[in-house]
Enquirer: 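Before I ask anything, let me first share the structure, which is written out below as structure tokens.
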2 protein chains.
Amino acid sequence: MNLRELSEILGLSQTTVSRALNGYPEVAEETRRRVREAATTYNYHPNNRARSLATGRSMSIGHVIPVSTQHEIVNPIFTDFISGAGEAYAAAGYDLTLKMVSDGDEDEVYRDLANRGSVDGVIVHGPRVDDRRIAMLSELGLPFVVHGRATGSTREYSWLDVNNRRAFYRATSFLIDFGHRRIGLINGIETMDFATRRRTGYREALEEAGIVPCPELIAHGEMTERHGYASARQMLNDAMPPTAFVVASVICAIGVRRAVQELGLIVGRDVSIVIYDDDLSYFKSGDDIPVFTAVRSSVREAGRNAANMLLDIIAGTGDAPRQRLMEAELTVGSSTGPAPDLAPHRQRG
Amino acid sequence: MNLRELSEILGLSQTTVSRALNGYPEVAEETRRRVREAATTYNYHPNNRARSLATGRSMSIGHVIPVSTQHEIVNPIFTDFISGAGEAYAAAGYDLTLKMVSDGDEDEVYRDLANRGSVDGVIVHGPRVDDRRIAMLSELGLPFVVHGRATGSTREYSWLDVNNRRAFYRATSFLIDFGHRRIGLINGIETMDFATRRRTGYREALEEAGIVPCPELIAHGEMTERHGYASARQMLNDAMPPTAFVVASVICAIGVRRAVQELGLIVGRDVSIVIYDDDLSYFKSGDDIPVFTAVRSSVREAGRNAANMLLDIIAGTGDAPRQRLMEAELTVGSSTGPAPDLAPHRQRG
DNA sequence: CCGCGCATCCAAAGCGCTTTGATATTTGTT
DNA sequence: AACAAATATCAAAGCGCTTTGGATGCGCGG
């Protein structure tokens, strides 16, 4: 059942039927009612492909998700981010086109998306320092919103980010206030913009307290359990092991906890852990006292906000570029406590 | 730059240019070369929307992801499944349209996808027992592949599944062989088809060993850390606590481990854990001795296989429906050991 | 030298919708 | 009563591509 057939059945022109269904004012209410009714009985649904071609809009937003080439790792936060964004799209009648793409081919994919007109806009994930994609997308004229920021990009662009610097400043300060002096940072991949901001916040807190940041206490890597475990394990085996960790995600923290426990140490007593928590749906603690002390900001909410921002830009409402900085909240859980005295771990407990 | 403009520049008809670029044989090689060259220099890319309309294919596959209404939980395995599927789509020039949808509205979304022709096929996620979607999709005539199966569906359909029953049979038998008699099952949501199969496998192993399955030792729920923790905690507080657990996912197992440790017990000694492992990219242990003893099957590979199966069906190669059952492999890790003697846990260690 | 087959290319008809520019028809104004 | 202004409808022109059903020209055997 297509528009022509339906209009013939109704004895109306395609114009009128189309307008009736799309809510245009220049059609009599009585006619509109008739048309709507017929559309239901004959199970008419406008063909999306045809509509797209006619309107010039694809009613779809692209998300390009980087997949780590070496280990085929996808950052688990995408599930929640996209589920937040998906809500916004559903409400606005948009679809979500997903491209999983290995690190190198990203440029190509964005360009393709724009050139072939398969999407009306994109969300840029995982921006790196000096990310080229921002310049490229600006030139292509495809509306976009960056989840995160790209330090070093000269031009203005739209982004939504968490105040990573401040979040890690607070997390680190919190530990310092508890008397910790040797604090390990288990961070994301070094070239990622968010990771540099987090490191900056961590460093600022240390320096403010007169502590010299120590390169052995900083680890970069994928957001995996293994990365958390391996990094923590290595630091804890050092001659001067840390008494606390600031960890960039719950997943990594699970690994850190495993490492700590394997050495017979107790989290929250011998070793403190503060995490950055994306509030992932399947890792919410929900208890009165959270498992991990955390600086938390919902990545699902970030997704929803970023999506709405992009939809606004596409609709032409308000002026792009727009920016939004979300703040993370500190919640004290049971993974932190005062720094143990200076004796090495192994002799305690 | 569109086809008309390009063809005018070249002094050729649109037909010829289109055919040249799409590799049809009825165009001279020399001409094809000229056309290709011009396409590059003028940066011509066929518009996807127009192409879709003309061909009647959208070159896009739909994935409808159920989002738990109550807690906005998305099963974390989707990231990996989709990243596997995405590979297959990219290779075949297909896009991936993602719909995040709250439990109730699923039917509507599938119907819409089919009626409006926005996708050429769909992957059905999270099938439940007697799932209505299968009948619906068959009637709609939209090609589909189910990830999992739906017990009770009378008609034939295409699916790709893991042998969940056997996997859980093996996991449970493994523990029984180690002398465990009280084995807890931390399962997925009860109405999910995979959960019923897993329970069946678990029960069969118990019964075969002459153990009467005990309802207090079976828990159903979302695949969250919290579910694992809460369920394990409750079972362990029982008068007759289990000495081992079979757990439906790593995420849950993290929670189980937390519960075990909180009670001062040691995993692999006081309490054994076998998990079903989807081989999630961010939870791979990668060590020589894996953290958890597991029955493992890569969900990423499942995604790739399901996608290829669907693409085959769409291409009309071979005959639908097709089925494929993947087997899970048992890997022994350090989370399992012989059953402790019959004295209650609290008096040991 | 004719006609047949092959290799190339083309004009034009869609695909199913939106939207522009007109055309009837009715209502309101003086 | 006459004319302007709404109101309700329509025919037809795209949107940019693919594809059908010819054309055209050329080589070649008879």
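Throughout, protein chains are lettered first and strands after them, A, B, ... in sequence-line order, and every chain is numbered starting at 1. Below, each value reflects all heavy atoms present in this structure, side chains not excepted, and no hydrogens, waters or symmetry copies.
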Enquirer: What string of B, S and - do you get for nucleotides 17-28 of chain D, 5' to 3', if B is base contact, S is sugar-phosphate-only contact and - is no contact with any protein heavy atom under 4.0 Å?
Expert: BBBBB-------
Enquirer: What is the separation between atom CD on B/Glu29 and atom P on C/dC6, rounded to the nearest whole Å?
Expert: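 Going from CD in B/Glu29 over to P in C/dC6 covers 19 Å.
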Enquirer: Rounded off to whole Å, could you give me the CZ-to-P distance for the A/Arg32 and D/dA8 pair?
Expert: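 Going from CZ in A/Arg32 over to P in D/dA8 covers 10 Å.
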Enquirer: Starting at atom CD of B/Glu8, determine the distance to atom P of C/dC9, rounded to an integer number of angstrom.
Expert: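 Taking CD of B/Glu8 and P of C/dC9, I get 18 Å after rounding.
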Enquirer: Please check this pair: side chain of A/Asp131 against backbone of A/Arg133, looking for a donor-acceptor N/O pair closer than 3.5 Å.
Expert: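 Yes, the answer is positive, given that a donor and an acceptor are paired below the 3.5 Å cut-off.
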Enquirer: So B/His63 and B/His125, would you call those rings parallel, tilted or perpendicular, with 30° and 60° as cut-offs?
Expert: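 Rings of B/His63 and B/His125: tilted, as their planes differ by 30° to 60°.
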Enquirer: So A/Ser52, base contact, sugar-phosphate only, or nothing? Heavy-atom distance under 4.0 Å.
Expert: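 Contact class for A/Ser52: none.
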Enquirer: Thinking salt bridges, do A/Arg34 and A/Glu30 make one under a 4.0 Å N-O criterion?
Expert: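 Salt bridge absent between A/Arg34 and A/Glu30.
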Enquirer: D/dG14 C1' sits how many Å from B/Leu53 CG, rounded?
Expert: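 Checked: the CG to C1' distance equals 12 Å.
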Enquirer: Expressed as a whole number of angstroms, how long is the span from A/Arg34:CZ to D/dA8:C1'?
Expert: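 To the nearest whole Å, that distance equals 13 Å.
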Enquirer: In whole angstroms, how far is the P atom of D/dT7 from the CD atom of A/Glu26?
Expert: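 From A/Glu26 CD to D/dT7 P: 11 Å.
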Enquirer: For B/Leu12 and C/dA11, what is the distance between atoms CG and P respectively, to the nearest whole Å?
Expert: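 Nearest whole value for this atom pair: 10 Å.
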Enquirer: Atom CZ of A/Phe81 and atom OG of A/Ser298: how far apart are they, to the nearest 0.5 Å?
Expert: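 Here the interatomic distance stands at 10.5 Å.
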Enquirer: Specify the separation, in whole Å, of atom CG of B/Leu10 and atom C1' of C/dC9.
Expert: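 The answer, rounded to whole Å, is 13 Å.
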Enquirer: Report which part of the nucleic acid A/Gly117 touches: base, sugar-phosphate, or nothing (heavy-atom distance under 4.0 Å, all strands).
Expert: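 No contact.
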Enquirer: Assess whether a salt bridge exists between B/Glu139 and B/Arg155, defined as any Lys/Arg side-chain N lying under 4.0 Å from an Asp/Glu carboxylate O.
Expert: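 Yes, B/Glu139 and B/Arg155 are salt-bridged.
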Enquirer: Main chain of B/Met59, side chain of B/Asp120: is a donor-acceptor contact present, judged purely on distance under 3.5 Å?
Expert: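 Between the backbone of B/Met59 and the side chain of B/Asp120 there is a qualifying donor-acceptor contact (under 3.5 Å).
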